[in-house]
**Q** 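Have a look at this one.
Keep in mind that the numbers below use all heavy atoms, side chains included, and drop hydrogens, waters and symmetry copies.
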Amino acid sequence: TTAWKKHKPACKARAANQVRVDMEKLQQEFEGGKVVGMPVDIAASMVNLKIGEGTETSKQETSDSKVSSSQFVVKVQISGDDNPLHGAVVYDQTKQTQIIIPKTMSEEYDKIHKAVETLGVAATGYGKGVKAYFIARYLDGGKIVMIDCGEPVTPPGW
């Protein structure tokens, strides 16, 4: 339709800035020992996800008008070093969604790492961003966490 033809470029541009974290794939990365050098019991504890639509607290704590009722805010932190064990830490205010995207998930990790470095708050002595706040939402009954890292939201008070 004509409406879709007009909307399609904007939709494609937005999709290009989203990181789709498949929770099953993430679990396999840690449990399967793909994160080299990390003991399996510690790796298994790196994924903490309670299925839901975010929490009222994480929705209310931001004054950013970009956040809708089906979305929530996550903080993404990256390390300024090249240690292969340092992934991207992602969590909401309540820590009900708390994951680490390992470097072994290169497609997801590289995209979110670049977004934080270019759009995030810089660390002293590093010169690039090490943390940023983005809008996220659950898809497919919580099997997917979709993080929109094209534009950061105003840092909430947490």
**Q** What distance separates Gln27 CD from Ile99 CD1, expressed to the nearest 0.5 Å?
**A**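 So the gap between those two atoms works out to 11.0 Å.
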**Q** List, by chain and then residue number, the residues other than Leu139 in its hydrophobic cluster (Ile/Leu/Val/Met/Phe/Trp/Tyr, side-chain heavy atoms under 4.5 Å); write none if there are no others.
**A** Ile144, Met146
**Q** Specify the closest pair of heavy atoms between Ile78 and Gly129, including all atoms of both residues, with the distance to one decimal.
**A** CD1-O, 3.5 Å
**Q** I need the Thr97 OG1 to Asp92 CG distance, nearest 0.5 Å.
**A** 4.5 Å
**Q** Got a sec: does the NZ of Lys131 have more than 12 other heavy atoms crowding it under 6.0 Å?
**A** no
**Q** Just to verify, what does Ser106 make a side-chain hydrogen bond (donor to acceptor under 3.5 Å, both in side chains) with, not counting sequence neighbours?
**A**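 Residues passing side-chain hydrogen bond (donor to acceptor under 3.5 Å, both in side chains) with Ser106: none at all.
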**Q** Quick one: side chains of residues 107-114, donor-acceptor pairs under 3.5 Å with protein atoms, not counting sequence neighbours, listed by atom name and distance.
**A**
{"unit_1": "Glu108", "atom_1": "OE2", "unit_2": "Lys25", "atom_2": "NZ", "d": "3.2"}
{"unit_1": "Lys111", "atom_1": "NZ", "unit_2": "Ala16", "atom_2": "O", "d": "3.1"}
{"unit_1": "Lys111", "atom_1": "NZ", "unit_2": "Gln18", "atom_2": "O", "d": "3.1"}

**Q** How would you list, by chain and number, every residue that makes a ring-ring contact (aromatic ring centres under 6.0 Å, His included) with Tyr133, sequence neighbours excluded?
**A**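 Tyr133 satisfies ring-ring contact (aromatic ring centres under 6.0 Å, His included) with Trp158 once adjacent residues are dropped.
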**Q** Using 0.5 Å steps for rounding, measure from the CD1 atom of Ile100 to the CE atom of Met105.
**A** 12.5 Å
**Q** If you measure from CZ on Phe134 to CD on Glu151, what distance do you get to the nearest 0.5 Å?
**A** 10.0 Å
**Q** Specify the closest pair of heavy atoms between Val130 and Val116, including all atoms of both residues, with the distance to one decimal.
**A**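 That would be C-CG1, 3.5 Å.
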**Q** Do Val145 and Met23 make a side-chain contact, defined as non-hydrogen atoms from C-beta onward lying under 4.5 Å apart?
**A** yes
**Q** Any idea which heavy atoms bring Gly150 and Leu119 closest together, and the distance?
**A**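 Smallest heavy-atom distance, with atoms named: O-CD1, 3.6 Å.
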**Q** Check Ala132 against Gly120 and note the closest heavy-atom contact, atom names and distance.
**A**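 For Ala132 and Gly120, the tightest heavy-atom pair comes out as CB-CA, 3.8 Å.
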**Q** What are the two closest non-hydrogen atoms of Ala115 and Cys149, and how far apart are they?
**A** CB-O, 3.5 Å
**Q** Which value, rounded to the nearest 0.5 Å, describes the distance between Arg137 atom CZ and Ile147 atom CD1?
**A** 10.5 Å
**Q** Please identify each residue that fulfils side chain to side chain contact (heavy atoms under 4.5 Å, CB included) with Ala122, with sequence neighbours left out.
**A**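 Not a single residue meets the side chain to side chain contact (heavy atoms under 4.5 Å, CB included) criterion with Ala122.
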**Q** Considering only residues two or more places apart or on different chains, which pairs with a residue in residues 74-106 satisfy ring pair (Phe, Tyr, Trp, His ring centres under 6.0 Å)?
**A**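 Ring pair (Phe, Tyr, Trp, His ring centres under 6.0 Å) check on residues 74-106 returns no pairs.
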